[in-house]
Undergrad: 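Have a look at this one.
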Amino acid sequence: MPVTVLLVDDEPLVRAGLRAVLEAQPDIEVVGEAADGAAVIPLVRQLRPDVVAMDVRMPLLDGIEATRAVLRTVQEPPKILVVTTFENDEYVYEALRAGADGFLLKRARPAEIVNAVRLVAEGDSLLFPAAVRQLAGEYGRRPGNAAARDVLDRAALTEREADVLRLMTRGLSNAEIATELIVGAETVKSHVSSLLAKLGARDRTQAVIAAYESGFVAPG
């Protein structure tokens with residue numbers, strides 16, 4: 001089955017460009033478009049896309065609030081890929097904190113766009129880990145992040161789960177983590193599921209952000 005994608009951007013040329021790039025792939029299908037985040041929820045419910053590629057800045061409802069709304073109201077929500085002009089943008093970090101699964105630069109090359117959609121759809125690797133580290137270093141250390149430390153303390157990760165989380169922050173996939181720890185891929189998958197549940201994280205992106213904000217790992 002192809003990966004189905006909903007495009008959400010207030011610029012028609014951006015939507016057209018993304019559609020052209022994605023629909024050139026045999027395993028990706030663009031199933032719909034919207035010009036603002038306010039239209040996302042009904043379209044997600046109607047079309048059931050695997051991935052929503054969503055502009056972070058839109059006039060009525062931006063990508064941050066649209067992400068929160070989708071995750072709050074839609075059962076089995078899609079993966080959300082935030083599309084942005086600027087990589088080092090507080091809006092992008094806030095969208096990731098709100099539950100977005102990754103981000104994509106509008107100036108990205110076609111191969112990067114396709115790879116980003118596939119990675120987010122698969123969900124077993126962190127998209128652009130170096131950029132996430134940079135964002136965490138820029139915006140993640142703020143007053144109030146004692147809450148993130150409390151979450152990590154209460155999670156009581158096992159030693160192996162902590163090892164897996166450290167490797168996740170480096171952007172390693174499940175298969176790469178298995179090689180690093182000399183264990184089976186299914187064992188890694190089990191550890192990832194367990195630590196996500198303990199942290200209350202929707203996916204590995206949110207787990208990695210929690211790891212940085214709590215001080216479990218240091219950006220850089």
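As a basis for the values below, the full set of heavy atoms in this structure was taken, side chains included, without hydrogen atoms, waters or symmetry mates.
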Undergrad: Work out which heavy atom in Val117 is nearest to a heavy atom in Ile28; give both atom names and the distance.
TA: CG1-CD1, 4.1 Å

Undergrad: Within the structure provided, determine whether Asp62 and Tyr91 are in side-chain contact (heavy-atom separation under 4.5 Å).
TA: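 With C-beta onward as the side chain, the pair touches.
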
Undergrad: With no hydrogens and no angle check, is any side-chain donor or acceptor of Arg202 less than 3.5 Å from a backbone partner on Gly99?
TA: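 Yes; judged by distance alone, with no hydrogens or angles, the pair exists.
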
Undergrad: Just by modelled atom types, is the Asp50 backbone N or O under 3.5 Å from a matching donor or acceptor in the Thr4 side chain?
TA: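 Yes, because the side chain of Thr4 sits within donor-acceptor range (under 3.5 Å) of the backbone of Asp50.
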
Undergrad: Would you say Met168 and Val164 make side-chain contact, with heavy atoms under 4.5 Å?
TA: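 Yes, their side chains come closer than 4.5 Å.
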
Undergrad: Would you give the length of the straight line joining atom CZ of Phe216 to atom CG of Leu157, rounded to the nearest 0.5 angstrom?
TA: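 That separation rounds to 6.5 Å.
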
Undergrad: Are any of the side-chain heavy atoms of Glu76 and Arg48 separated by less than 4.5 Å?
TA: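 A side-chain contact exists here, since the closest heavy-atom pair is under 4.5 Å.
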
Undergrad: When clusters are formed by joining ILVMFWY residues with side-chain heavy atoms under 4.5 Å apart, either directly or through shared neighbours, do Leu61 and Phe103 land in the same one?
TA: no

Undergrad: Is there side-chain contact between Val70 and Pro78, with heavy atoms separated by less than 4.5 Å?
TA: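 A side-chain contact under 4.5 Å exists here.
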
Undergrad: Might you point out which heavy atoms bring Thr85 and Leu105 nearest each other, and give the distance in Å?
TA: O-CD2, 4.1 Å

Undergrad: Heavy atoms, side chains only, cut-off 4.5 Å: are Leu7 and Val30 in contact?
TA: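 Touching, per the 4.5 Å side-chain cut-off.
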
Undergrad: Quick one: does Gln206's side chain have a donor or acceptor within less than 3.5 Å of a partner on Ala100's backbone?
TA: yes

Undergrad: Any side-chain heavy-atom pair from Glu29 and Val5 closer than 4.5 angstrom?
TA: no

Undergrad: How far apart are the C-alpha atoms of Ile80 and Met54, what are their side-chain angles, what is the distance that settles it, and do they pass the side-chain contact (heavy atoms from CB on, under 4.5 Å) test?
TA: CA-CA 7 Å; Ile80 297 177; Met54 182 153 53; 3.8 Å; yes

Undergrad: Can you tell whether the side chains of Arg97 and Glu213 come within less than 4.0 Å, N to carboxylate O?
TA: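 Yes, charged N to carboxylate O under 4.0 Å.
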
Undergrad: When you measure from the side chain of Thr73 to the backbone N and O of Ala69, does any donor-acceptor pair fall under 3.5 Å?
TA: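 Checked: pair present.
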
Undergrad: Of Thr205, Thr67, Val208, which meets side-chain contact (heavy atoms from CB on, under 4.5 Å) against Leu96?
TA: Thr205

Undergrad: Where is the tightest heavy-atom contact between Ala207 and Leu196, given as atom of each residue plus distance?
TA: CB-CD2, 3.6 Å

Undergrad: How many angstroms lie between atom CZ of Arg160 and atom CG of Leu195, to the nearest 0.5 angstrom?
TA: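 So the CZ of Arg160 and the CG of Leu195 are separated by 12.5 Å.
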
Undergrad: Enter the distance from Leu6:CG to Leu47:CG here, rounded to the nearest 0.5 Å.
TA: 6.5 Å

Undergrad: Quick check: do Leu167 and Glu176 have side-chain heavy atoms less than 4.5 Å from each other?
TA: no

Undergrad: Do Val83 and Lys106 have side-chain heavy atoms sitting under 4.5 Å apart?
TA: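 Answer yes - side chains close enough.
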
Undergrad: Only one of Glu186, Arg204, His191, Lys189 passes side chain to side chain donor-acceptor pair (under 3.5 Å) with Asn174; say which it is.
TA: Arg204

Undergrad: Between the side chain of Gln134 and the main-chain N/O of Ala131, is any donor-acceptor distance below 3.5 Å?
TA: no

Undergrad: Please name the pair of heavy atoms, one in Pro110 and one in Val21, separated by the smallest distance, quoted to 0.1 Å.
TA: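 What the structure gives for the nearest pair is O-CG1, 3.7 Å.
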
Undergrad: Write down the atom of Val44, the atom of Pro49, and the distance for their closest heavy-atom approach.
TA: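 What the structure gives for the nearest pair is O-CD, 3.7 Å.
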
Undergrad: Can we say Arg57 and Asp10 salt-bridge, meaning some charged N sits less than 4.0 Å from an Asp/Glu carboxylate O?
TA: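 Looking at Asp10 together with Arg57, the answer is no, because their closest N to O distance does not fall below 4.0 Å.
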
Undergrad: Between Asp55 and Met58, is there a donor-acceptor pair closer than 3.5 Å when you use the side chain of the first and the backbone of the second?
TA: no

Undergrad: First locate atom CZ of Arg45, then atom CD of Gln75, and finally report the distance between them rounded to the nearest 0.5 Å.
TA: 9.0 Å

Undergrad: Looking only at heavy atoms, which two atoms of Ala155 and Lys198 are closest? And how far apart?
TA: O-CD, 3.3 Å

Undergrad: Distance-only, no hydrogens or angles: does the Asp36 side chain make a donor-acceptor pair with backbone N or O of Leu60 under 3.5 Å?
TA: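 Yes.
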
Undergrad: Any donor and acceptor pair, going by atom type alone, linking the side chain of Glu112 with main-chain N or O of Arg109 inside 3.5 Å?
TA: yes

Undergrad: How long is the span from the CD atom in Glu33 to the CG atom in Leu18, to the nearest 0.5 Å?
TA: 9.0 Å

Undergrad: When rounded to the nearest 0.5 angstrom, what is the spacing between CG in Asp27 and CG in Leu22?
TA: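 Reported to 0.5 Å precision, the distance equals 10.0 Å.
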
Undergrad: Please check if the side chain of Arg15 supplies one atom and the backbone of Asp9 the other of a donor-acceptor pair under 3.5 Å.
TA: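 Yes; at least one donor-acceptor contact below 3.5 Å.
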
